[in-house]
Amino acid sequence: MAETASNSAPSTTPTAEAPAPQETKKTTEAPVRWADLEDEASEEPSASSEDKGAPELGVENLKIDESKKINKFLDEPEDSNIKAVTAGETPYTSAFTFEELNLSPELLKGLYVEMKFEKPSKIQAISLPMILTPPHLDLIAQAHNGSGKTTCFTLGMLSRVDPNLKAPQALCICPTRELAIQNLEVLRKMGKHTGITSECAIPMDSSNYIPINKRAPVIAQVVIGTPGTIKKWMSAKKLGVSNVKILVFDEADHMLAEDGFKDDSLRIMRDIEKMSSHCQVLLFSATFSDTVKNFVSKIVKRDHNQLFVKKEELSLESVKQYKVNVPDELSKVMVIKDRILEFGERLGQTIIFVRTRNSASMLHKALVEFGYDVTTIQGALNQAERDKIVKEFKDGLTQVLISTDLLARGFDQQQVNLVINYDLPVKHDNRVEPDCEVYLHRIGRAGRFGRKGAVFNLLCGDMDQMIISKIENHFDSKIAEVPDWRNEEDFKAALRSAGLL
DNA sequence: AAAAAAG
C-alpha cells in the first residue's frame, strides 16, 4: 500500500519510501537508549496525591538511579517526577518494553528498525498504556522538551487505525505547517510497515492551488495539519470525521490558548464529537500555564487522565543557560559573530530566535555582510521557500538558522546544540512581560533527547534585565552570567561548562 | 507595531 501523496507539500515532504536524508548523516551516536538503567532498586516514597482523591500512578518506580548515569551523554531527559492523575477504575501499568503494549508486529518493526528505539522513554512508558487501553480516555499530557511526546501520540494514532477501513480515523492538529510536516514524516517512518495511509492538511501554495470543491474526498487514514485547513476541509465535507476515533492536539496549550488557535481548535473538537460518538482526545505539550491548564481540563471529557510536570522542574538540566549583557544592538551582532559563530561547526547547529520578521531580516543582512552563511525562516516566506530552508537545515547543509517563533515549538533537529535569544520572548499584548512558555520551548530546541546544549540570552538595557529576572523567578532557577561580552575566554569557559567544547 | 494560521 502506497502512502497517500501529500497534496500540499508535494516535493518537500519525504514519503516513507524515500527515507529522510539526515538518516544517512547522523550516524555517530548510539541508538537512543531509554530507561535502560533504572528502576526497582531506586524507589522513593511518592508525593501524595492532592487532587480529587484520584488514584496516583506509581511513576516513582521509573526514577533513575542517579549514581549510574554519571558521564552518560544521552541521559534520560525527564528524570524528575511526572505527576499522574488517573480517572475511572482502570489501573495502568507503565510499559517497560514496547512488547507490553500489544502493538502489531508491523508497528513494532517500525519502532525498532525504522525509528531505532529500544525501550519506551519515561513519558512513553507512562502515557502509552493510558492512550492504548480501553476505554481510551482523553489525556492531557505534559512532558519535557525532547522527551519523546511525538512518539506517544503517533503510536496512539497508528495503533488505533483499522487498516481495512479506508477513511480518516485519526487527526492531529499542529500550530505550524513545519510541525505538521515533521509529524507526518515521523508517522510515515514509524508506520512504514503498517500500510496505513496519511495526508498533510496545510494550505497549498498558489502555484498548485486546487479549489477545495474540486478536490476528491480525503481517504487517508491519518490526517495531520494546521487548524485553518483542517477546518476548511471539514466544512467543505471533503474530510469526513464520522470514523475519527482519536484526535490529537500537538502543542496543545498554544492550540487552546486565548491568543492562540482557541476558536478553530474548539470548533474542530466539537464538530468531531458531534459526528463521532466517542473520539479520544489527546492534548500534548511541554508547557501548560495555569490558566490554560485550568481551561483544558474543562474542555476534555469529565473522565480523563492527566500527566503534569512542575514548572520548576521543566528546564532541561543538560542545556546550560547564560545571559550576556551588551551595551547596544550592534554588539549583539558582534557577540554572535565574534564570540559564538567563530567556533564554527564544532558547536553543531545553531538557531537564533528573534521577535519580529523585520528583526530577522535585519540580522540576516548583518551576518551575511560579515561573510557568514546563514539562512532565515519566518511566516512571510512562501511555502516553497520555507520548505527549502527547513530541508537544508535538517540536511545539515546550513549551520546557522535565524527564526521567528515559527520554529520555537516542536522543531526537532538533534544536531542543534546552541540556541541564541537575540530578542527575549515577550507577550505580544504586553511587551514588558516575558512569555515563559515560549522561552522554554525555544531553549528546548537544543538538547534534544538529553543531548548537551547551551543557550545565550543577549540582553540590552534595563527592560531585558527585568524580563530575564522574571523568567528566572518563574522557573525558580538562576541563569549564569557571561562576565564580559568582549572576552573570548568567557565564552569558551561557558561553552566548555556546557559540554560543547 | 506585533508570531502564527487562513480567508
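Since the structure is predicted, the reported quantities are computational estimates derived from the model, not experimental observations. Reckoned from all heavy atoms, side chains included, excluding hydrogens, waters and symmetry mates. Every chain is numbered from 1 and lettered A, B, ... according to where its sequence line falls, protein lines coming before strand lines.
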Within 45° cone of A:Phe284 ring axis and under 6.0 Å: A:Lys149 NZ or CZ: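 Cation-pi check for A:Lys149 and A:Phe284: fails.
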Taking the six-membered ring of A:Tyr422, is NZ or CZ of A:Lys332 closer than 6.0 Å to its centre and within 45° of its axis? yes
Taking the side chain as C-beta and beyond, is there a heavy-atom pair between A:Leu406 and A:Phe411 under 4.5 Å?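 Contact flag for A:Leu406/A:Phe411 side chains = no.
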Name the nucleic acid region contacted by [X], choosing base, sugar-phosphate or nothing; use a 4.0 angstrom heavy-atom cut-off, strictly under.
| X | result |
| --- | --- |
| A:Pro227 | nothing |
| A:Asp259 | base |
| A:Arg431 | base |
| A:Arg386 | sugar-phosphate |

Using a cut-off of less than 4.0 Å, is there contact between a side-chain N or O of [X] and OP1 or OP2 of [N]?
| X | N | value |
| --- | --- | --- |
| A:Thr356 | B:dA1 | no |
| A:Lys232 | B:dG7 | yes |
| A:Arg355 | B:dA1 | no |
| A:Thr229 | B:dA6 | yes |
| A:Arg357 | B:dA1 | no |

Atom [atom1] of [X] to atom [atom2] of [N]: distance rounded to whole Å?
| X | N | atom1 | atom2 | value |
| --- | --- | --- | --- | --- |
| A:Gln383 | B:dA4 | CD | P | 12 Å |
| A:Glu178 | B:dA5 | CD | P | 6 Å |
| A:Leu381 | B:dA4 | CG | P | 9 Å |
| A:Asp423 | B:dA2 | CG | P | 13 Å |
| A:Leu424 | B:dA2 | CG | C1' | 16 Å |

Is there, by distance only and without an angle test, a donor paired with an acceptor across the side chain of A:Asp405 and the base of B:dA2 below 3.5 Å? no
Does any donor-acceptor pair link the side chain of A:His254 with the base of B:dA5 at a separation under 3.5 Å?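 Side chain to base: no pair below 3.5 Å.
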Aromatic ring proximity A:Phe343/A:Phe491, centre distance under 6.0 Å: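 A:Phe343 vs A:Phe491: aromatic centres not under 6.0 Å.
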Can you say whether the rings of A:Phe288 and A:Phe308 are parallel (under 30°), tilted (30 to 60°) or perpendicular (over 60°)?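 Perpendicular.
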